[in-house]
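Take a look at the structure set out below.
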Amino acid sequence: MGGSCRRISQFVLKVHSRCDLSCDHCYIYQHADQTWRGRPARMPPATVRRAARRIAEHAREHGVPVVHVVLHGGEPLLLGAAGLREVLAELRTAITPWARLDLRLQTNGVLLDEELCRLFVEYDVRVGVSFDGDRAANDRHRVFSHGGSSHDQVRRALALLRRPEHRASYAGILCTVDVRNDPDRVYEALLAERPPRVDLLLPHATWDHPPLRPGSDPTPYARWLGRIHRRWVDDGRPVSIRMFEALRPGGGGTEAFGLAPADVLVIETDGAWEQVDSLKTAYHGAAGTGLDVFDHPVDEVVRHPGVAVRQDGVDGLCATCRACPVVDRCGGGLYAHRWRTGSGFDNPSVYCPDLLGLIDAVDAYPPPTPSVPRQRPATPSGPGEWSATAPVDELLDDLATGHGSTSTLALLTATQLSITRALLAVCRDRFGSTAAWDLLVHLDQAAPDAVRAVLAHPFVRPALVHRLDPAALPGLGAALDPLPALAVAAALRAGVPATVRVPLRAGAITVPTFGELVLPGPGESAEVTVGSGEFRARVGSVERMVSLDPLAPPSTGWLPTRDVPVPGGRVLLEDGDPYRDCYGQPVEPRLDASAARALGRTLADAWRVVRRDVPAHAAALDGGLRAVVPLAADPARPLRSATARHAFGAVAVTPHPDPETMAVLLVHEWQHAKLGAVLDLYDLVEPGQGTPIRVPWRPDPRPPEGVLQGVYAHLAVTQVWRSRADTDDPDASAQAAHFRAWTRDGVEALLASRSLTAAGERFVGQLRHALEETRVGSG
Ligand code: SF4
Ligand code: SF4
């Protein structure tokens, strides 16, 4: 660890310092700082490499779980697809061994094309586009050097990002406010682009250069933004508008508001470390530190006085702000906006009256209902696992596209793993430490990947839940201690010799993710000895040896788990683990070899169909679906599927032979699994709001959470059929219309029910937008 030095998680990489637009409100070229003139236009590859290594070094030394890197400019797209690919590859190679890498890019959009969009999807880069609203608003500032409009080019870029195949890379819109624009028209123009998020930016100004205040209104920004806030609330908060969310009580703040310590550093094209860009508006050289990536690690930059003062929270503010009743929400506004020659940054924001007025407006209309985060698991997070700094709103916004990106799936998977770990700890507290617990703890340190692979098995959590509360999962029989079998599985994966006593269930032991061993004779437990690539189990005087070598002859009594190849990797065909019986409907006993082969083929073909129809959903399946459980055949209901809240990573289906049908089942059920994982973390429905709601897909009224689940699943099914409507499938348009109508009715009923939290309302509002895009003829 790097001592007491604060860790930084956000880095802005200036990969190109020139721009193809000539906006007159640009703080880089038009404000006090002119240091860009002496810098290289492009960041040279050696500087990119050095920057990436500095970031990686910091992540490694401080255990930063998620590193955010924003490619910025000038205009980063001027680097071209090949140049950007080199930068992205360099960053991924250097940083991902140490931290989850969240890549972003901020662009004016003019040069965005399909090749670039494909590159951003490939590298999981989320793209923010600067766009000031309707044509009149945008062209007031965002023009080419010859004065021509950029409006059409930017709208074309936004349309490209909206396409289903690129949507995962659409981060949102950054809009700079100009109070001379019509707020209603700006709001409508922004919403029409269906962004996952809108950032409203106050134009940069200081006490030396105050903001434009036309007319006699002393707080025009509060009035202008207050108007948009009202529209946004009236519309059910259909999109995340970060400014309004940050200003709510407990809103969490952003760089522009709130008291959180500054957590961002900039790297210029010449490798210079700088503070946030907005300081460039204060005076020439204001953002400089005199340090660079070649000679100075991040820890040294954090100790720079200009950065250090911004770690001090309320103590770093002027006396007026310290005494202000809303300081915890405003935080003195953006640091740069406090500048005044003479007193430096020791002033309130030049927008102070507007900020006060805006906070009043946010409070007054109407007091929002805060969403109540569920208690998060207590287990400390490590690289790749959930962290308290993870962008919660972004996770919900991303899933509200209908599918969710691979990084969101990775976050959901990590949170589920944390819950499983927390349940393990509860078992230890309840039942005491055992040899199996000690072995798991040892392996978690010696071979953490092995333990993680076992704990991520979908049926570990049901086993732990059943052990703690047998009534929660009726039908699973006697509650046995699952820890010994988990320890055996982890030791086998780690190649660590161990001996553990494993309880028998119906004359067999199940080694999660490996298989089931049937043992002869009576007995309550087996002594299992793990060796290298094999294990032995002894009950009384009988011993059975199991070799895990796939080329070895079959071991007596051993029923290995089968994993089948699918385009996204391999998926377990789970027909042995006893805890798979948690779906509230009968599961199929172990399939014979030919039935297993047939189901494996259908799954692989279905996966290809999902890829063909809805690639974004295929990526979401790749990111988290680990196991498929065959449900028992029932001639009365041949087409059934299910998910279980405690078994994230698995879906259960009847082994239907048609891949096209199976594809719909997989997509449908995976929606339930994802939303279940979200509901483990956040309340989208107000607690205690159980008034049933009528929906078209069920004869009986459903509780709000059930309707939310139905809407989310039907949206995905609509997206599948909408895609098929572009082919010669004669039924597809009618099916798409059918599921769209169900989804729409469910969405409207949910919103009208007033049963959702603020987060739930916004989520459902965004589902409505995603549904809009499935109208035939939309694209
Ligand atoms: S697009 Fe951005 S970087 Fe380029 S001139 Fe406009 S504000 Fe400045
Ligand atoms: S800038 Fe104004 S509103 Fe904000 S904390 Fe300071 S005094 Fe309060």
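In listed order, ligands and their atoms are each counted from 1.
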Within-shell test, Ser130 vs ligand 1, heavy atom, strictly < 4.0 Å: no
Nearest-neighbour protein heavy atom for atom 5 (S) of ligand 2, which is reported as residue plus atom name and distance: Gly332 N, 3.5 Å
No-hydrogen, no-angle side-chain donor-acceptor test under 3.5 Å, Asn181 and Asp132: no
Heteroatom test (N, O or S) for Cys19 near atom 4 (Fe) of ligand 1, limit 2.8 Å: yes
Test item: side-chain donor near acceptor, Asp24 and His141, under 3.5 Å: yes
Identity and distance of the protein heavy atom lying nearest atom 8 (Fe) of ligand 2: Cys324 SG, 2.4 Å
Ligand 1 contact on Arg142 by region, counting heavy-atom pairs under 4.0 Å: side chain
Flag, side chain of Arg39 to backbone of Gly271, donor-acceptor distance under 3.5 Å: no
Minimum-distance protein heavy atom relative to atom 2 (Fe) of ligand 2: Cys352 SG, 2.4 Å
For atom 3 (S) of ligand 2, the protein heavy atom that lies nearest, with its residue and separation: Leu356 CG, 3.6 Å
Whether His58 and His62 hold their rings parallel, tilted or perpendicular, with breakpoints at 30° and 60°: tilted
Atoms in ligand 1 with a heavy atom of Asn108 nearer than 4.0 Å: 1 (S)
Which residue and heavy atom of the protein sit nearest atom 6 (Fe) of ligand 2, plus the separation: Cys321 SG, 2.3 Å
Electrostatic pair Arg167-Glu773, nearest N-O below 4.0 angstrom: yes
Flag for Ser130-Asn108: side-chain donor and acceptor within less than 3.5 Å: no
Residue and atom name of the nearest protein heavy atom (relative to atom 4 (Fe) of ligand 2), distance in Å to one decimal: Cys330 SG, 2.3 Å
Option of least heavy-atom distance to atom 1 (S) of ligand 2 (set: Pro353, Ala319, Ser349): Ser349
Arg155, CZ: over 12 other non-hydrogen atoms inside 6.0 angstrom: no
